[in-house]
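Have a look at the structure below before the remarks.
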Amino acid sequence: MRVPRPRFPLRSRPRSLAGQLFAMQVVLVAVVVAGCAVFAYVSGKSQAREAATHRARATTQAVADSPSVRAAIGSADPSARLQPYAEQVRRDTGVSFVTIMNPRGKRWTHPDPNRIGEQFVGHIGPALRGHTFDETYTGTLGPSVRVVTPVREAGHGGREGRIIGLVSAGITIDTISEQVGEQLTAVLAVAGGALALGALGTYLTNARLRRHTHGMNAVELSRLHDYHQATLHAVREGLLLLDGEGRVALVNDGARLLLGRDGPRDLVGRTVGDLGLPPELTEALLAEEPRRDEVHLTGERIVVVNTAPVDGGERRGTVVTLRDHTELRALAGELDSVRGFAEALRSQAHEAANRLHTVVSLIELGRVTEAVRFATEELELAQALTDRVVSAVREPVLAALLLGKAAQAKERGVELLLAADSGVEDVPGIPGRDLVTVLGNLIDNAVEAVTAAPTGRLPGPGPAGDEPAPDSPRVTVTVRCTRSGVLLLRVADTGPGLPPGAGDRLFERNWSTKPGRGGGIGLALVRQTAHRHGGEVHARDLPGAGAEFEVRLPLPRKAGTQEVPR
């Protein structure tokens with residue numbers, strides 16, 4: 001099968017940027033060197049003519065001022081005395097000729113003795129008027145640059161003597177051209193060397209440029225830059241490039257948002273320590289070893305950090321990727337709550353089945369009265385907490401959370417109580433997932449505390465007003481809106497209290513009293529969520545035993561239903 005030939009010739013791949021620059025630089029160097037050579041030739045030729053004129057002028061003036069020349073002119077045979085002198089001067093000064101003549105232009109000397117006595121070929125009028133002048137004229141030796149000056153008698157009383165002769169000295173154009181040719185040869189040699197060195201330097205520079213640009217041409221580099229910028233702005237994940245000194249070399253929009261630094265000030269060029277990030281996150285970004293899927297907290301977000309050093313024989317920088325984990329953590333918290341509700345329902349269903357079997361057994365034994373009394377008592381106990389929570393907490397998310405946590409705590413032998421002063425109608429302005437994050441983590445920590453240590457006693461009425469057993473582990477929750485428009489969430493337990501010297505470290509990420517078990521992020525999330533809504537978190541030891549955590553979240557002015565004295 002014959003392959004049809006294309007109607008149009010195939011376009012070859014454009015030359016790489018390094019190749020284009022190499023060609024441009026070679027042409028530029030060649031043009032510069034050629035221009036310099038031409039300039040050197042023109043200026044050298046001009047300078048050679050000017051130097052020849054100066055040499056001829058100096059020669060004529062020296063001859064004209066010589067007393068021996070004046071004496072020879074006044075002798076019976078001037079040529080006999082002047083010809084040897086003129087030839088000696090010509091050889092010593094390097095001019096092409098020295099001609100001494102009478103005022104009428106008749107030669108007394110000449111490089112060719114046969115020309116002595118002939119008329120001088122050239123102008124002598126200005127010299128007869130007492131002026132020294134130069135000209136380019138074609139004489140017996142060919143075109144030459146010559147100078148003519150008068151020879152005067154010795155003056156008396158400051159007066160110039162009369163003109164008794166003329167002196168002309170000159171250098172032929174051929175001699176000047178020969179000198180310029182020698183200079184041009186040297187210039188061309190230097191130019192050739194400069195061109196060779198320039199070409200070699202250009203080649204080495206472009207070879208390095210070719211390695212750095214990976215052989216791409218200008219169009220490809222421009223397209224790559226456009227793709228690079230578009231990718232940086234399109235990717236939601238954060239990308240941060242740090243140089244070897246820990247300065248920000250590149251940052252995309254996602255990284256600015258995740259780091260909470262999306263303001264107008266540019267981050268490029270600033271060190272990581274100047275970004276105002278949490279110490280743990282700053283340490284992770286500056287670490288020399290790679291970090292994999294580390295969870296860190298910023299001012300408002302939870303981010304997963306991955307770092308990879310850029311090594312090339314020496315530390316050149318670090319590539320940092322950031323993923324937003326905030327929504328995933330919130331969903332995980334909601335999922336935990338749903339799982340807790342499911343476990344609570346399973347537990348209640350199991351207990352209900354046991355109670356139902358008991359009731360059925362009593363009926364089968366003919367103990368109907370006892371069966372009715374048992375069923376009624378169990379129903380009242382199961383409904384007591386539900387009625388208390390539903391009547392006091394009208395926010396459905398908080399009510400469901402409290403009921404689920406109460407069932408979970410009961411399975412672990414912990415009694416969850418709702419404080420008598422609790423009461424809230426609505427919580428506008430705060431998402432339900434944030435309420436779950438704050439109150440859910442506080443209750444979980446309190447249950448952990450009372451089940452992991454000996455119990456104390458925290459007085460307080462139960463949900464139905466009954467007094468709990470003094471030695472039972474329990475957690476008391478207070479949820480209410482104050483008249484000042486603040487949602488108060490307080491969780492107290494009968495555990496061992498706060499660790500000595502813990503302070504604000506309680507709310508730091510990865511700080512935990514349970515080494516080796518992971519965690520250490522619950523209270524950090526509580527503080528982050530509270531600060532995001534402009535709230536506060538406080539922790540204190542209770543008198544006798546136990547600890548209390550209190551969170552205050554500002555609400556819009558319309559919030560707040562009642563203020564019950566503490």
Side-chain angles (χ1 to χ4, degrees), residues 16-18 205 207-332 508-511 518 520-521 524-525 528:
S16 67
L17 178 62
T205 301
R208 183 176 181 182
L209 179 62
R210 186 180 297 107
R211 290 195 301 270
H212 287 295
T213 58
H214 302 284
M216 290 186 290
N217 56 49
V219 175
E220 291 171 337
L221 287 174
S222 177
R223 186 183 300 117
L224 182 63
H225 175 268
D226 294 339
Y227 289 159
H228 172 268
Q229 292 297 322
T231 302
L232 286 180
H233 291 290
V235 174
R236 292 187 59 190
E237 286 73 15
L239 178 62
L240 191 69
L241 301 184
L242 307 177
D243 62 15
E245 302 297 328
R247 294 186 296 265
V248 178
L250 183 144
V251 58
N252 71 341
D253 297 340
R256 293 176 184 272
L257 180 62
L258 294 179
L259 295 178
R261 299 295 182 270
D262 54 344
R265 185 175 180 182
D266 195 2
L267 302 183
V268 176
R270 299 175 60 188
T271 61
V272 175
D274 295 336
L275 299 183
L277 301 176
E280 301 87 357
L281 181 55
T282 300
E283 180 182 355
L285 296 181
L286 296 178
E288 295 184 359
E289 69 279 359
R291 299 295 180 95
R292 294 288 182 267
D293 295 331
E294 288 192 358
V295 179
H296 289 272
L297 302 180
T298 62
E300 298 183 354
R301 295 182 179 273
I302 307 170
V303 295
V304 177
V305 178
N306 284 274
T307 67
V310 180
D311 294 323
E314 59 181 6
R315 181 175 175 84
R316 296 184 178 180
T318 306
V319 178
V320 181
T321 59
L322 307 169
R323 298 197 309 273
D324 192 358
H325 212 54
T326 308
E327 298 296 330
L328 185 59
R329 280 284 180 177
L331 293 176
E508 293 180 2
R509 179 189 170 274
N510 290 333
W511 191 92
I521 196 173
L525 290 175
Q528 182 196 58

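Screening Asn306, Leu240, Val272 for a side chain to side chain contact (heavy atoms under 4.5 Å, CB included) with Val320, the sole residue that qualifies is Leu240. A side chain to side chain contact (heavy atoms under 4.5 Å, CB included) with Val248 is found for exactly one of Leu241, Leu242, Leu285, Asp243, namely Leu242.
At a threshold of 4.5 Å between non-hydrogen side-chain atoms, the residues Val305 and Leu322 count as touching.
Between the Asn252 side chain and the Leu239 main chain, a donor and an acceptor come within less than 3.5 Å of each other.
Scanning for side chain to side chain donor-acceptor pair (under 3.5 Å) contacts around Arg291 gives Glu289, Glu294, with sequence neighbours left out.
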